[in-house]
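Source: prediction; values computed, not measured.
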Amino acid sequence: MVDVNKRIDVDYMARTEGEAAIRIELEDQPAIVLKIFEPPRFFEGFLAGRRFDEVGDIVSRICGICPVSHMSTAILAIEKAMQIRVSEQTGILRNLMCSSQIAASHLIHLYMLAMPDYYGKNSITELLPDFQKQTDRLIKMKEILNGLTGLIGGRALHPVTFLPGGFTKIPEQKDFDKILKQFKEIQKDAKEVVLDISRFKVPDFYFKTEYVCLDKKDGYAIDEGRIISDDGLNISVDDYYDHFEESEVDYAFAKRSRIKGRNYFMVGALARINLKYDKLQTETKKMAKEIGFAVPNYNPYLNNLAQSLEVFDLIQHCIKILETNKFKHEDYSVKIKEGDGGAMTEAPRGLLYHWYKIDSKGIVAKANIITPTSHNFLNIEESLKKMVKENLNKPRNDIRLMAEMLVRAYDPCFSCSVH
Amino acid sequence: MGAVDITYCQMLQSGGIEEGPFDVALIEGAITEEWQAEQLKKVRSVSKFLVPIGSCAVCGGIPAIKNTSKKAKEMEQKVYKDISNLTSLETRPIDQIVKVDGYVKGCPMGERDLTELVISLLLNKQPDFLEYCVCVECKLKNNICVLVAYNEPCMGPVTNAGCNALCPSNNRACYSCWGPIRDSNAKALANQFTKMKLSSDDIFRKFTEFGQPTKEFEAGVK
Ligand code: SF4
Ligand code: SF4
């Protein structure tokens, strides 16, 4: 018999993307179920039969927060499959779009989804008028960050200029100059973001996991590189299937990923900052020191703080790129070629993998998509278990809130995870 | 407390009043499960106005591509090995299940139409949604027509305006993310595509990327 007093049910995880519930059994060995009931849309099923140059437009609709991540990962995979080489400029422009999108996505999560918990509120509107300054900052920064994604992509959500082979239109230099000026203006706001988030009273919690992210020789890898971990993984994206496996669970429409022969692992901002701390901008490292954040750090609640540092870092990064590059119109035509290929990028929430098989007519024969939240699924459950176990003596409501906060800290996207 | 209060939106706030009543219900997403249809009917019964927002809710959008698969089970099996607990139905837009009081079109939905809707409801007037095709926006912007000039298979003639002809303004053919315009002549455009040497599969894909469940685009694939 299940004792209902020993159970906590969060029937609907509010302030996250998509639909999920949590069930916690308050036993000495707590049982956790992350029930992702977001209904499946079958993207991988219906992508078969579509043309290679439709895929970017289609998969961007997997998510309204990280459409650029899905689009770039899919397009990189298709280019790999069809052996299309793109110019250096195309790579730089895509990197700018990914970077600005990650920063914008982090800001939404930090202020609108995470922050209310830390002040005992239900929503950002309840934080007003006390948090007017922060809200204004969020709106201003988000507009400028989206401004860059949209300048290059035609629009920030579901960009239209972005195709296999390159960009259909390159913005004018004066528009890049204008956005550069705006980016410089929000540098000090970005500092305030880090300070805002550093004021969160985060539960003291330690959860040793394996951090996994993309890494490259120079710079903070976002849309290229090898897969590395702090447990010795160092592989090419081409060997992804040799090392990672997904399985179905009966209580969720999302699949759960693990590293073969090992166990749970964590992707996302905290994983990236832990593994690539050296590659952050000097100013970011200074900022991290100032707020007393050091790596290695194994408190998943601090994923929020890692996100804020990334916001700061990526803005610096975009400024440097915009200051040192001029862009011109280029040919983006491609030749259809049969083949298959996979690619990986760092979406805001962590590693995102797309794989396609394209036939000789340019039609998708097979597709596979594995999202950050599938990568984090098991880690979320295992860290919840440990957290609950350590807090069994606390009132139910406290446990419930701490559990919600922990899940939220991962910034999960349940809609992406089901797709 | 302002002119507009959000009483229930799980994406933005914990808690809220799930059971209503609502002055206005804005519905996002297409319907693919029976429980969603039931929930939608409940929301309709406690709302004065109900408006689908965004292409999925308005015309099925991208998730409705799955309706094109003749063998639903096979398609599902491409995603899951075990499909025994799936209860997914054909993708339907909101107006195939309940009565709606307008449409905020677009993917992402158009801000102009959303603002128009909210202001109209506050002023108790009839909202003035854009009801013409993307071509009109092209003409207003003096765009070069990518269909006529570059032989690009543009869906602009049958697609609802609202994006300010974004794709043609960026040297690209429209792929109809705003969904079909009412009374569009999809048949004529499909004939034009045939003349341009598009295969019937290509034409089929054009008219099923956004708006598979609509009768407007059905005319294009026939
Ligand atoms: S480019 Fe497309 S939308 Fe614009 S006028 Fe031509 S057909 Fe119409
Ligand atoms: S031109 Fe067509 S595809 Fe492009 S944004 Fe407008 S409606 Fe969408």
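When each of B/T208, B/T32, B/T68, B/T91 is scored by its heavy-atom pairs under 4.5 Å with chain A, the top score falls to B/T208. Looking only at heavy-atom pairs under 4.5 Å with chain B, the residue among A/R51, A/R41, A/E44, A/H419 that has the most is A/R51. Interface check for chain B: of the options A/R61, A/M112, A/E126, A/K169, the most heavy-atom pairs under 4.5 Å are formed by A/R61. Top candidate by heavy-atom pairs under 4.5 Å with chain A, chosen from B/K78, B/K66, B/Q77, is B/K66. With respect to chain B, the highest number of heavy-atom pairs below 4.5 Å among A/I58, A/T161, A/L163 belongs to A/I58. The candidate with the highest count of non-hydrogen atom pairs below 4.5 Å against chain A, out of B/C167, B/G29, B/C107, is B/C107. Between chain A and the options B/N171, B/N170, B/T87, heavy-atom pairs under 4.5 Å are most frequent for B/N170.
Within the 3.5 Å criterion, the main-chain N or O of B/K81 finds a donor-acceptor partner in the side chain of A/E248.
At least one side-chain heavy atom of B/I62 sits less than 4.5 Å from a side-chain heavy atom of A/F46. When side chains are defined from C-beta on, B/P63 does not count as touching A/F43, because their heavy atoms never get closer than 4.5 Å.
Of all heavy-atom pairs spanning B/L166 and A/G154, the tightest one is CD1-O, 3.4 Å.
With a 4.5 Å cut-off on non-hydrogen atoms, B/D201 does not touch chain A at all. For B/Q36, the part lying near chain A is the side chain, with the backbone staying farther off; criterion is any non-hydrogen pair under 4.5 Å. For A/A48, the part sitting under 4.5 Å from any heavy atom of chain B is the side chain, from C-beta outward, and nothing else. Residue B/S169 touches chain A through its backbone alone, counting heavy-atom pairs closer than 4.5 Å. Residue contact with chain B, scored on non-hydrogen atoms closer than 4.5 Å, is absent for A/L128. Using a 4.5 Å cut-off between heavy atoms, B/E209 contacts chain A through both its backbone and its side chain. Using a 4.5 Å cut-off between heavy atoms, A/L113 touches chain B through its side chain atoms alone. Within the 4.5 angstrom heavy-atom criterion, only side-chain atoms of A/K255, from C-beta onward, approach chain B. In this structure, the portions of A/P40 lying under 4.5 Å from any heavy atom of chain B include both its backbone and its side chain.
Atoms CG and CZ, from B/N164 and A/R155 in turn, are 12.0 Å apart once rounded to the nearest 0.5 Å. For the atom pair CG (B/D82) and CG (A/D250), the distance works out to 8.5 Å, reported to the nearest 0.5 Å. The distance from atom CD of A/E54 to atom OH of B/Y175, rounded to the nearest 0.5 Å, is 10.5 Å.
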* To do: Could you give me the CA-CA distance, side-chain angles and deciding distance for A/D57 and B/R172, then say whether salt bridge (Lys or Arg N to Asp or Glu O under 4.0 Å) is met?
  => CA-CA 12 Å; A/D57 301 327; B/R172 238 197 109 167; 2.6 Å; yes
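Counting non-hydrogen atoms of other residues, nucleotides and ligands closer than 6.0 Å to CD of B/Q96 gives a total above 12. A 6.0 Å sphere centred on NZ of B/K42 holds no more than 12 heavy atoms belonging to other residues, nucleotides or ligands. Atom CD of B/E38 is surrounded by more than 12 heavy atoms from other residues, nucleotides or ligands within 6.0 Å. Heavy atoms from other residues, nucleotides or ligands lying under 6.0 Å from CD1 of B/I144 number 12 at most. Counted within 6.0 Å of OH on B/Y150, heavy atoms from surrounding residues, nucleotides or ligands total 12 or fewer; the atom is thus considered open.
Checked for salt-bridge contact, B/R205 and A/D53 miss the test: no charged N lies under 4.0 Å from a carboxylate O.
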